[in-house]
Amino acid sequence: MTLVQATDRAAKAHQGKLPVPAATNDLVSKLVAEGKIAPVPAIDAPASRVEQLSNRRTLVLGLSGITMLVEVLSLAHLLPPLWIGGIGLSFSLLPAMALGLACGSRLLGRSGVRRAAIWFWTIAGMLFATLTVLCYRQGQLDLVPALSAAALDEELVYRLAIPAVVAAALRLGNVRPNAARIAGLVAGALWFCLLPGHVEQMTSPITVVPYVAFATLSAFIVYRSGSILPLALGHAVSNLLTFLMFGAAVTADARGLALASVLCLLVLAYGRPRRITVGDDGGLIDTQTGLAVAAIDLRDGQPALVELADGRYLPVHADMVLPPEVPKVDRGDDGPTDLPVEQAS
């Protein structure tokens with residue numbers, strides 16, 4: 001059944017020709033009861049797609065557990081460090097890289113402001129290249145891959161692996177998905193702040209603030225958009241700026257200005273995503289719950305309504321339902337509708 005057919009069927013349901021499914025949202029229930037909107041019937045997703053997503057999530061969760069375990073063993077000095085550029089990195093870098101490959105393009109996250117995302121990658125990339133040249137002039141070029149790998153490892157471990165494992169454990173205790181996800185990110189942020197290398201640099205209460213602030217900001221961005229790679233780039237820039245400042249190659253003011261610019265662009269680009277956006281497979285997805293959109297009802301004269309994969313109905317402002325890059329198709333006599341071509345054909 002196409003989404004166009006689903007909308008027509010919803011109209012028939014409103015006229016009493018088909019049974020009307022119960023709405024699960026209070027506002028939608030009220031609108032349905034008053035006859036202002038028609039509920040959208042459920043559309044079964046292809047079984048092969050559900051199985052594929054399930055297998056991928058199982059793989060990601062398994063690799064997250066392995067990464068978390070290896071990180072614990074590394075912190076306990078039960079595993080040798082990985083030496084890159086004279087810096088001993090956690091052995092968790094290896095399973096973390098495997099975890100990153102399993103996640104694929106999802107590590108890029110979803111940006112609600114594409115222009116800000118372009119500016120972020122442009123400025124952060126130019127700054128990273130400039131810092132690489134400064135490291136070369138200082139005779140410390142080997143710091144670039146070492147500090148970049150360390151940043152990527154910490155983001156994959158403390159913003160992805162640990163939150164995923166903690167959230168999965170809480171879900172076994174019937175904790176709501178959103179609450180479990182927040183708890184997982186908080187656990188990862190606290191663990192990040194308490195890393196031995198970070199604690200050694202916390203010589204006074206004021207020195208605790210940067211670590212808590214960065215951990216909080218990182219957790220917020222990942223919660224809103226799932227952006228791991230942009231965070232890793234910003235983290236790598238921060239690491240390089242700090243080491244160059246300690247070597248007097250960069251002033252404290254220059255470091256602060258550059259880091260503030262990168263972090264501000266990071267928040268603008270990935271801190272406020274659209275509620276409904278395009279997923280990795282081309283379908284629509286709800287960014288707050290991670291659920292796919294099963295059907296859309298955008299008829300004139302009623303609030304925009306989407307149905308999520310778990311059967312929930314979600315009233316959404318029409319301008320937020322579809323990103324501008326989703327193509328439009330013509331429904332003929334009923335007028336145009338904003339539907340993905342691959343789902344409406």
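Side chains included, hydrogens not; waters and symmetry mates left out as well; all remaining heavy atoms used.
Looking at Arg181, its side chain never comes within 3.5 Å of a backbone N or O of Leu185 through a donor-acceptor pair. Remark: the backbone N or O of Tyr136 is not paired with any side-chain donor or acceptor of Gln140 at under 3.5 angstrom. Using modelled atom types, no side-chain atom of Ser148 and backbone atom of Ala236 make a donor-acceptor pair closer than 3.5 Å. With hydrogens and angles ignored, the 3.5 Å screen pairs no side-chain donor or acceptor of Ser238 with any backbone N or O of Gly234. Of the possible polar contacts, one joining the Thr207 side chain to the Ser204 backbone as a donor-acceptor pair under 3.5 Å is found. Side-chain N or O atoms of Ser227 include none that pairs as donor or acceptor with a backbone N or O of Pro230 at under 3.5 Å.
Under a cutoff of 6.0 Å and an axis angle of 45°, Arg159 and Phe192 form a cation-pi pair.
Rounded to the nearest 0.5 Å, atoms CG (Leu99) and OG (Ser64) are 4.5 Å apart. Leu217 contributes atom CG, which lies 9.0 Å from atom SG of Cys264 (distance to the nearest 0.5 angstrom). Distance CG/Leu233 to CD/Glu155: 10.5 Å, rounded to 0.5 Å. Atom CD1 of Ile221 is separated from atom OH of Tyr270 by 10.0 Å, given to the nearest 0.5 angstrom.
Heavy atoms from other residues, nucleotides or ligands lying under 6.0 Å from CE of Met97 number 12 at most. Under a cut-off of 6.0 angstrom, the local environment of CG in Leu78 is crowded, with over 12 non-hydrogen atoms contributed by other residues, nucleotides or ligands. Shown here is Trp119, whose CH2 atom has no more than 12 heavy atoms of other residues, nucleotides or ligands within 6.0 Å.
Using a 4.5 Å cut-off on side-chain heavy atoms (C-beta onward), Cys103 and Val60 make contact. Taking the side chain as every heavy atom from C-beta outward, Glu154 and Leu195 approach each other to under 4.5 Å. Counting heavy atoms from C-beta on, the side chains of Thr67 and Leu156 never come closer than 4.5 Å. At a threshold of 4.5 Å between non-hydrogen side-chain atoms, the residues Leu93 and Val157 do not count as touching.
In terms of heavy atoms, Leu170 sits closest to Ala183 at CD1-CB, 3.4 Å. What you find for Ala146 and Leu89 is that their closest heavy atoms are O-CD1, 3.8 Å. Counting all heavy atoms, side chain and backbone alike, Pro81 lies closest to Trp83 at CG-NE1, 3.5 Å. Leu147 and Ile87 get closest at one heavy-atom pair: CD2-CD1, 3.9 Å. For the pair Met245 and Ala252, the tightest heavy-atom approach, listed with the atom from each and the gap, is SD-CA, 3.7 Å. Among all heavy-atom pairs drawn from Ala215 and Cys193, the shortest one is CB-SG, 3.7 Å.
Both Leu141 and Leu134 belong to a single network of hydrophobic side chains, linked directly or stepwise wherever heavy atoms of I, L, V, M, F, W or Y lie under 4.5 Å apart. Transitive grouping of hydrophobic side chains (ILVMFWY, heavy atoms separated by less than 4.5 Å) keeps Met202 and Leu75 in distinct clusters. Cluster membership check: Leu259 shares its hydrophobic cluster with Val250, using side-chain heavy-atom separations under 4.5 Å among Ile, Leu, Val, Met, Phe, Trp and Tyr. With hydrophobic clusters built from ILVMFWY side chains whose heavy atoms lie under 4.5 angstrom apart, Leu59 shares a cluster with Met68. Tracing side-chain contacts under 4.5 Å through hydrophobic residues (I, L, V, M, F, W, Y), one never reaches Tyr211 starting from Leu190; they form parts of separate clusters.
Residues meeting the side chain to side chain contact (heavy atoms under 4.5 Å, CB included) test with Leu79, sequence neighbours left out: Val70, Leu73, Ser74, Phe91.
Only one option out of Val166, Leu160, Val165 pairs with Ile162 in a side-chain contact (heavy atoms from CB on, under 4.5 Å); it is Val166. A side-chain contact (heavy atoms from CB on, under 4.5 Å) with Phe120 holds for exactly one of Val267, Val262, Leu268, Leu263; it is Val262.
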Check: Stepwise, does the side-chain contact (heavy atoms from CB on, under 4.5 Å) test hold for Val186 with Tyr223?
Finding: CA-CA 10 Å; Val186 170; Tyr223 174 74; over 6 Å; no

| request: For the pair Val144 and Phe128, evaluate side-chain contact (heavy atoms from CB on, under 4.5 Å) and give the outcome as yes or no after the intermediate values. | output: CA-CA 9 Å; Val144 176; Phe128 184 86; 3.7 Å; yes

Exercise. Could you walk me through whether Thr242 and Arg255 pass the side-chain contact (heavy atoms from CB on, under 4.5 Å) check?
Worked result: CA-CA 7 Å; Thr242 301; Arg255 172 184 177 272; 3.1 Å; yes

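Of the N and O atoms on the side chains of Glu71 and Ser90, at least one donor lies less than 3.5 Å from an acceptor on the other residue.
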